[in-house]
Colleague: 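Here you go, one structure.
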Number of protein chains: 2
Amino acid sequence: MTLRHAVLGLLADSPGSGYDLLKRFQTAMANVWSATQSQLYGELGKLEKAELIKVSAEGPRGRKEYSITDTGRTELQTWLLDPGPSPVPRSETLLRVYFLGEVSPAQARDYVARHGESAARLAEHLESLEASIDWDDADSSRYGRLVLEWGKRYAAMEQEWATWATERIRTTRG
Amino acid sequence: MTLRHAVLGLLADSPGSGYDLLKRFQTAMANVWSATQSQLYGELGKLEKAELIKVSAEGPRGRKEYSITDTGRTELQTWLLDPGPSPVPRSETLLRVYFLGEVSPAQARDYVARHGESAARLAEHLESLEASIDWDDADSSRYGRLVLEWGKRYAAMEQEWATWATERIRTTRG
DNA sequence: GAGCCCATGTAATAAGTTACATGATTGT
DNA sequence: ACAATCATGTAACTTATTACATGGGCTC
């Protein structure tokens, strides 16, 4: 039920069509939550039926602009303050690391080192993202700033861990 | 297709029944990957049909002990060294943070602070886990150690971020 | 009028969760 | 005998992915 709240959140910020939302999922939200086009249109239908959003305007090409309703905004706020159950951890990378004993130490080391490199690329990407955002436009980006900072710290942590782990694999055995 | 590899990895370490594997998912793997009982038995059936694993013994109560086959081990090794596509980011917490402008600053601050507290509890949990493991029993836990270290660093990062973010919300506005 | 973007939808499949259903064996 | 644990499986439902399908409107 989280896609639902992601959509509500975007529509709470400003009304938009499915197509508009899709673009926002692919840009601003790309590092936080993702949705496919197919999923999005389905969810918009359900949300409208549940009267959490409504069609507020229609445009060319069958465009339907949705807005959040009062009920929807209440639902969003309730969800926002609910810490919810802690998420099921599921990291494909960590799973691989856990089983790395199945391959040679050299291969294991390479795997971890490559993971560190990909974290470095993520860090770079976030740096350039940060540079490209106009942080003065205030309100909408205040909390986006916190999310970006989280990403930067996460990427840094991954890099440091990979460096540490690579070294550790080197020294534990030949 | 990752549950498949998690199962192969566990069976590569040692043979076991569905029931045995379930317990391993609930303990050792709990912080890395999760599977429900239902999913597990289904996957075991598929893996057997694909001849990546085989029934190596039968016991009381219809117990079937599975072992990995050579084909299965090869498949596991191939997967282990494949970095794979970077995972779709999906963090419910970060999604909430992103939309925190919908509630009052005081509520937003509380939310972030509580998140920090839950990260602190995770850190404690991992510390006690670390203390409870016999790190001398060598082979099987060598890479498990790297995974645990990742968890500790992750928990620390979350706590630091939450502290920073809480402070920032405090100072940015009243 | 050609090509690009806007715009919405459906179908098939895969993956995951919860609940239901059943029963044998072991230890006390 | 009773309870706890071992042990496997199925059904219904939800969520997410990929692919298919269609067409309008805008700009050059």
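What you see is a predicted model; the values in this text were computed from it and never measured.
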Colleague: How long is the line joining CD of A:Glu43 and P of C:dT8, in whole Å?
Modeller: 15 Å
Colleague: C:dT17, D:dA7, C:dA15: which one has an atom nearest the side-chain heavy atoms of A:Val88?
Modeller: C:dT17
Colleague: In whole Å, what is the span from the CD atom of B:Gln26 to the P atom of D:dA7?
Modeller: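 Result: 14 Å.
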Colleague: Mind calculating the distance between OH (B:Tyr41) and P (C:dT22) to the nearest angstrom?
Modeller: 17 Å
Colleague: Between B:Arg170 and B:Glu167, does any side-chain N to carboxylate O distance fall below 4.0 Å?
Modeller: yes
Colleague: May I have the distance from A:Glu58 (atom CD) to C:dA7 (atom P), rounded to whole angstrom?
Modeller: 13 Å
Colleague: Here's a test of your reading of the structure: between A:Arg63 and A:Gln39, which maps to the more 5' nucleotide of DNA chain C?
Modeller: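 Result: A:Arg63.
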Colleague: Any luck finding a side-chain donor-acceptor pair between A:Thr163 and A:Glu160 under 3.5 Å?
Modeller: no
Colleague: What is the distance, to the nearest angstrom, from the CG atom on A:Leu47 to the C1' atom on C:dT8?
Modeller: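 It works out to 16 Å between those atoms.
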Colleague: Rounded to whole Å, please give me the gap between CG in B:Leu40 and P in D:dC6.
Modeller: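 Taking atom P of D:dC6 as the reference, CG of B:Leu40 is at 15 Å.
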Colleague: Side-chain N or O of B:Tyr19 less than 4.0 angstrom from OP1 or OP2 on D:dC6?
Modeller: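 It does, given that an N or O in the side chain of B:Tyr19 lies less than 4.0 Å from OP1 or OP2 of D:dC6.
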Colleague: Write out all pairs satisfying salt bridge (Lys or Arg N to Asp or Glu O under 4.0 Å) with one or both partners inside residues 64-76 of chain A, taking only residues at least two apart or from two chains.
Modeller: A:Arg63-A:Glu65, A:Arg73-B:Glu102
Colleague: B:Gly62 or A:Pro60: which one's nearest nucleotide on DNA chain D is closer to the 5' end?
Modeller: B:Gly62
Colleague: Whole Å only: how far is the CG atom of A:Leu44 from the P atom of C:dG9?
Modeller: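 Result: 8 Å.
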Colleague: Does the distance from a Lys or Arg side-chain N to an Asp or Glu carboxylate O, for A:Lys54 and A:Glu48, drop under 4.0 Å?
Modeller: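 A:Glu48 and A:Lys54: not salt-bridged.
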Colleague: Under 4.0 Å, heavy atoms only, any strand: does B:Arg4 hit a base, just the sugar-phosphate, or nothing?
Modeller: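 Since no nucleic acid heavy atom lies under 4.0 Å of B:Arg4, the category is nothing.
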Colleague: Please collect all salt bridge (Lys or Arg N to Asp or Glu O under 4.0 Å) contacts where either partner lies in residues 146-157 of chain A, sequence neighbours excluded, each pair once.
Modeller: A:Glu130-A:Lys152, A:Glu149-A:Arg153
Colleague: For DNA chain C, determine which residues of residues 29-38 of chain B have any heavy atom closer than 4.0 angstrom to one of its atoms, and list them numerically.
Modeller: B:Thr36, B:Ser38
Colleague: From CG of A:Leu3 over to P of D:dA16, roughly how many Å is that when rounded to an integer?
Modeller: 6 Å
Colleague: We want to know whether B:Tyr154 and B:Glu158 form a side-chain donor-acceptor pair, criterion being a heavy-atom distance below 3.5 angstrom.
Modeller: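 Short answer, yes.
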Colleague: Within a strict 4.5 Å, meaning less than it, do heavy atoms of the A:Asn31 and A:Leu129 side chains meet?
Modeller: yes
Colleague: For D:dT17 and B:Arg90 - does any side-chain N or O of the residue sit under 4.0 Å from the phosphate oxygens OP1/OP2?
Modeller: yes
Colleague: Does C:dG23 have its OP1 or OP2 closer than 4.0 Å to a side-chain nitrogen or oxygen of B:Arg61?
Modeller: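 Result: no.
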Colleague: OP1, OP2 of D:dG9 versus side-chain N and O of B:Lys64: anything below 4.0 Å?
Modeller: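 For B:Lys64, the contact criterion (side-chain N or O under 4.0 Å from OP1 or OP2 of D:dG9) is met.
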